[in-house]
2 protein chains.
Amino acid sequence: MTELVAIYACLCDRTRLRILNLLCQGPLCVCHIQEILGEPQVKVSKHLGYLKAHGLVEVSRSGSWRIYRLVAKRTKVLASNLACLQDCAAEDRTFRRDVEKLTVLRRDLDGDAPACCASPKPNRRPIRGR
Amino acid sequence: MTELVAIYACLCDRTRLRILNLLCQGPLCVCHIQEILGEPQVKVSKHLGYLKAHGLVEVSRSGSWRIYRLVAKRTKVLASNLACLQDCAAEDRTFRRDVEKLTVLRRDLDGDAPACCASPKPNRRPIRGR
DNA sequence: TCCGTTTATTCTTGTTAAGGCATATACCGC
DNA sequence: GCGGTATATGCCTTAACAAGAATAAACGGA
């Protein structure tokens, strides 16, 4: 039950929902999450930290990038809720657009496996205009 | 998306989860929820208020009792999440015990339809010892 | 009309968390 | 080692909320 409450606590924030929705598509580095969400770095980083602290995601390093992904071993409860989230996300504009952006991003990166900054196109637009 | 966040906000509290789990079994009056949860009246009332304010439950009066129930028309998102919750609840001790208590309570009340205080057994134990 | 029961509301206090700014840390290439 | 990029952390302010105590409101019955 405590676990369930913790999961719902993670899910009751818009930014975290968008992040989780993206991670359902596979591992991602922070900068891509940032770019897709269009949210400031601190915000994204903090929410990722929150999700990690509560056991929903895990990190690995790849050079100077951190690759976030959904935890590999998921309890039944977590799996159920992620599935439910995906269901719900399928009908939401924002969620769908995020995934579309991700798809584009991956195509621009020649679609190699852990699609992250690891292999950026030279002329990729900088993150967050300013 | 906003709706989804609101739903999760409702779900990220232990007491509310227990209440919703009970209401999944059917309408209930406040005093029975109180009795089953073993939580003080204020607490239960407030959480019911919260759930109502966020559109997860609705109330009707029956004499001096208020009968709470899950909202009749549920969005797809809400329905999905309630189903998911029930799934998760099935494997949790507290949730199961709450439902068992409810079953007993209903049996004691001769199992008539909107099982609430409307027809209490004369020798029913008072709510919350004090 | 007064009483007891049922439920909600108000007020207060402590905790948690969100968002922003500035800064720190870690790594890369030179 | 230096500068630049990527990411995290600390501090601050503000808002939301949980919980408890006391009280109010609404109703039924004698």
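Numbers restart at 1 for each chain; the letters A, B, ... are given by sequence-line order, proteins then strands. Everything quoted here is computed from the prediction, not taken from an experiment.
Near DNA chain D, defined here as any heavy-atom distance below 4.0 Å, there are no residues from residues 51-59 of chain A.
Cluster membership check: A:V57 does not share its hydrophobic cluster with A:V99, using side-chain heavy-atom separations under 4.5 Å among Ile, Leu, Val, Met, Phe, Trp and Tyr.
Rotation axes derived from the C1' atoms of the five outermost pairs at either end of the helix from C:dT1-D:dA30 to C:dC30-D:dG1 lie 20° apart, to the nearest 10°.
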_I need a per-nucleotide contact map over nucleotides 22-30 of chain D, read 5' to 3'. Cutoff is protein heavy atoms under 4.0 Å; write B for the base, S for backbone only, - otherwise._
----SS---
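Counting heavy atoms from C-beta on, the side chains of B:L22 and B:R18 never come closer than 4.5 Å. Considering only heavy atoms from C-beta on, B:L85 comes within 4.5 Å of A:L4 through its side chain. When side chains are defined from C-beta on, B:T94 does not count as touching B:N21, because their heavy atoms never get closer than 4.5 Å.
Neither side chain, B:T15 nor B:E39, offers a donor N or O lying under 3.5 Å from an acceptor on the other.
One interatomic measurement links the two molecules: CG of B:L17 to C1' of D:dA18, which rounds to 15 Å at whole-angstrom precision. Between A:K43 atom NZ and D:dT7 atom C1' the separation is 17 Å, expressed in whole Å.
Mapping B:S45 and A:K46 onto DNA chain C by nearest heavy atom places B:S45 closer to the 5' end of the strand. Taking the nucleotide of DNA chain D with the nearest heavy atom to each of A:L48 and B:D13, the more 5' of the two is matched to A:L48.
Applying the 4.0 Å criterion to OP1 and OP2 of D:dA8, one finds that A:Y68 has a side-chain N or O inside that range. Considering only side-chain N and O atoms, B:R16 lies under 4.0 angstrom from the phosphate OP1 or OP2 of D:dA18.
For A:K52, the NZ atom sits in a loose shell: 12 or fewer heavy atoms of surrounding residues, nucleotides or ligands are nearer than 6.0 Å. Heavy atoms of other residues, nucleotides or ligands lying less than 6.0 angstrom from CZ of A:R69 number more than 12.
With hydrogens and angles ignored, the 3.5 Å screen pairs no side-chain donor or acceptor of A:Q34 with any backbone N or O of A:V44.
Comparing atom distances between the A:H47 side chain and each of C:dT7, D:dA18, C:dG19 picks out C:dG19 as nearest.
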